[in-house]
Protein chains: 2
Amino acid sequence: MATIRSHPEHAAGPKTAEDPRDRILLAAGQEFAEHGYEAATVRDICLAAGVNVAAVNYYFGDKRRLYIESVKHAHEARVKQVPLPDWPPGTPAAARLHDFVANMLERMLGFSQPPWQVRLMMREVLHPTDACRELVEDYIRPHFAVLVAILDELAGRTLAESELRRIALSIIGQCFLYRAAGDVVGMLVPSDELATLHTPPQLADHVTRYALAALGLGRPLADSLTSRSVPGIAP
Amino acid sequence: MATIRSHPEHAAGPKTAEDPRDRILLAAGQEFAEHGYEAATVRDICLAAGVNVAAVNYYFGDKRRLYIESVKHAHEARVKQVPLPDWPPGTPAAARLHDFVANMLERMLGFSQPPWQVRLMMREVLHPTDACRELVEDYIRPHFAVLVAILDELAGRTLAESELRRIALSIIGQCFLYRAAGDVVGMLVPSDELATLHTPPQLADHVTRYALAALGLGRPLADSLTSRSVPGIAP
DNA sequence: CCCTGTTTCAAACGGGCGTTTCAATCAACT
DNA sequence: AGTTGATTGAAACGCCCGTTTGAAACAGGG
C-alpha cells in the first residue's frame, strides 16, 4: 500500500480542525456569494474546504441542498452578528430611526465583517430561489415591522399602514441602492466624495434627515442655511 | 478561421426581421436576461433564434462577445423606446421632477414593453461586466445629470453638488428597490395594496411627494406634527 | 485479533457545455 | 453553365460539470 496520503493541507486550510461539514458550508457560502449558484463549482468548493469532492454528496446529498444549507447558515450567523439595537424605553423615535438606518447600512456595507454573507443573501433577494421565502419571514419581515413601528410613532399614528409601508420602502430603497448597485454609484460620484460622504455613518445621517424632513419633523434639506451643512446627528 | 462577420457590409436593404444576426441578438438578449450569462446556453439561444449553433461563432466569435453585443443592442433599443420627456421652456421644476420619476419607473417597471431588456441591463448594474462602463456613460450618467439639474433648480441653487447627488441617489434608490427586489417587496406588502398603491403612477406620486417634502417645497407627509420638536436628532 | 459501521479517497461516469470542423448550400456575377 | 465567396448544417471535439463508485482508512466494541 504505497498510496500517497496527499491530504491537501493539515495546517494551511482556514480551520482544518472543525468538522468537514462546517468547512464545506463556509467554503460553499463564499463561493456561492462570489460567483452565484450556477457558476460556482463543487470542485472549487471542496478544494477550498480541503475535502474530497465526494464529501459534498456524502454530507448534503447534492449541490442544490448544499446551497440552501449554506444560505441558511450565513443567514443565522448574520442575525447573531449584527442584532438590532435594544432601545431602552423612552428612546425618541427619531433616534431609533437613525439607529435603525445606521444598523441596516452597517449590516449591508460595513467592513467590520466578512462581506460574503450579505452578498449571498443579496443574491437571494435579487433572484429568489427556494431559500428566499424563509429568509424573508425570519429575517427581513421582522426588521421591516420594526421600521414601520418607528415611522408610525414618528408620524403620531396619523398615517395609514399602507402609507407607512411605502415610506419604509423608500428608506430601505436608499440603503439598498448602495449595496446592490454600489459599483454604478461609484462611477457616478467622484471618488473623493465617495470616500467622505458615502460612508455608512454619513449615509445614515442623510437618509434619516431626508425621512424626517419629508415627514415635516426636521429642517428641510433646502433652505437658506443648508448650503453649508446641516448639522448631523449630534453626539 | 477567426473571421467574424461583425456587421453586414453589403449596402443592400437590411432585412431586419430575417437577418440571422439580429435574430441571434434578440434571442440572446432574452436568454441572458432570463438566466444570466453563465446559465444561458448558446444552444438554447440558437434554438430560439432558429439558427445553427455555429452561427453564433460565425457572427460574433464567441459567447462573451455575443453577450456584450446583446447588452449594447438592448440598451440602444431601450433608449429609443422610452426617451426622456422634452420639456418646453418654463416647465416648473417640480413638474419635471415628477415626469422624471414617472419616466424612470415606467422604464423600469412598465408593462408596455418587453421586460427582458431592462432585466438584462439590471444584471449589468447588479454585477458589472465589461459592458457596464459603457452602459453607465451612455445611458445612466446623462439621466443622472438631468435629475441633478432638476434638483438644483428646485433647491434654488443653494445646495452643494455633492448634496444634490446624494438626494438624486435617494430618489433613484426608491425606484430601484421595486425593480431589483420586487419579489421581496411583494412578500412584504399585502397583494391588494400592491396592486393599488405600488403601481408606477402611484409610486411616482409618492417618490415625488417624498422628495418635495424633504426639500421643504411641499406639504409634509405627516403634517399634523410640524410644530413638534425632534428630540435626539436635530439641535 | 476480527467484525462493523462510518468517513475519506482516487478514479471514473454520463452528460452538457462552448467551440470547431468541413462538406453542403446559396447568391451573384462572368 | 461554371466559378467564387459568403453562409448554413450536422456532427464531432475536448473540456469540465455534478454525481457515483468501490475500496481503503479509520474508529470502537466484542
Side-chain angles (χ1 to χ4, degrees), chain A residues 1-13 15-29 31-32 34-71 129-130, chain B residues 1-29 31-32 34-70 129-130:
Chain A
M1 47 153 66
T3 60
I4 300 164
R5 301 288 310 282
S6 64
H7 197 92
E9 280 87 13
H10 275 293
K15 303 233 171 169
T16 328
E18 295 181 20
D19 270 341
R21 208 187 125 94
D22 287 343
R23 278 183 305 167
I24 296 173
L25 274 178
L26 185 69
E31 288 291 319
F32 284 136
E34 184 65 22
H35 305 106
Y37 177 78
E38 304 286 348
T41 74
V42 307
R43 277 177 172 83
D44 286 345
I45 290 169
C46 292
L47 184 70
V51 299
N52 191 269
V53 278
V56 50
N57 236 260
Y58 180 76
Y59 284 104
F60 298 95
D62 57 10
K63 184 187 181 183
R64 180 125 228 128
R65 270 173 284 183
L66 168 61
Y67 174 74
I68 293 176
E69 286 301 311
S70 70
V71 170
T129 71
D130 299 336
Chain B
M1 296 296 184
T3 60
I4 302 166
R5 303 297 171 271
S6 57
H7 289 292
E9 304 290 353
H10 48 70
K15 322 182 200 180
T16 52
E18 296 177 1
D19 191 356
R21 209 187 122 95
D22 287 344
R23 289 207 315 263
I24 296 173
L25 274 178
L26 185 70
E31 288 292 319
F32 285 136
E34 184 67 22
H35 304 107
Y37 177 77
E38 305 285 349
T41 74
V42 173
R43 279 178 171 82
D44 286 346
I45 290 170
C46 291
L47 184 71
V51 301
N52 191 268
V53 278
V56 52
N57 234 260
Y58 181 75
Y59 285 104
F60 299 95
D62 57 11
K63 184 186 181 184
R64 181 123 227 129
R65 271 173 284 184
L66 167 61
Y67 173 74
I68 293 176
E69 285 302 311
S70 70
T129 71
D130 299 335

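In what follows, chains are A, B, ... by sequence order, proteins preceding strands, each numbered from 1. Remember, predicted model here, so these are calculated numbers, not experimental data.
What separates NE2 of His35(A) from P of dC16(D) is a distance of 16 Å, to the nearest Å. Here dG18(D) presents its P atom at 13 Å from CG of Leu47(A), a figure rounded to the nearest Å. Asp22(A) places its CG atom 16 Å from the C1' atom of dT7(C), with the value rounded to the nearest Å. Rounded to whole angstrom, the span from the CG atom of Asn57(B) across to the P atom of dA6(D) amounts to 17 Å. Note: CD (Glu38(A)) to P (dC17(D)) measures 13 Å, nearest angstrom.
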N/O to N/O distances under 3.5 Å, protein versus nucleotides 25-28 of chain C:
none

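When distances run from any side-chain atom of Val53(B) to the nucleotides dA11(D), dG18(D), dT19(D), the shortest one goes to dA11(D).
When all heavy atoms of Gly29(A) and Ser70(A) are compared, the pair lying nearest together is N-CB, 4.1 Å.
For DNA chain D, the neighbouring residues in residues 58-70 of chain A, judged by any heavy atom under 4.0 Å, are Asp62(A), Lys63(A).
In this structure, Arg65(B) forms no cation-pi arrangement with Tyr59(B), as its terminal cationic atom is not both closer than 6.0 Å to the ring centre and no more than 45° off the ring axis. In this structure, Lys63(A) is not positioned above the aromatic face of Phe32(A) in the sense of NZ or CZ being under 6.0 Å from the six-membered ring centre and within 45° of the axis. The cationic atom of Arg64(B) (NZ for Lys, CZ for Arg) lies less than 6.0 Å from the six-membered ring centre of Tyr37(B) and within 45° of the ring axis.
Nearest-nucleotide mapping onto DNA chain C: of Asn52(A) and Ala54(B), the residue sitting toward the 5' end is Asn52(A).
Note on Ala40(A): only backbone sugar-phosphate atoms sit closer than 4.0 angstrom, heavy atoms only; bases stay farther off.
Rounding to the nearest 0.5 Å places OG1 of Thr41(A) at 6.5 Å from CD of Glu31(A).
In this structure, the side chains of Ile24(A) and Val51(A) come closer than 4.5 Å at one or more pairs of heavy atoms. For the pair Asn52(A) and Cys46(A), the minimum side-chain heavy-atom distance is 4.5 Å or more.
Of the candidates Leu66(A), Val42(A), Ile68(A), Phe60(A) forms a side chain to side chain contact (heavy atoms under 4.5 Å, CB included) with just one, namely Leu66(A).
The base of dG16(C) has none of its N or O atoms less than 3.5 Å from a complementary donor or acceptor on the side chain of Arg43(B).
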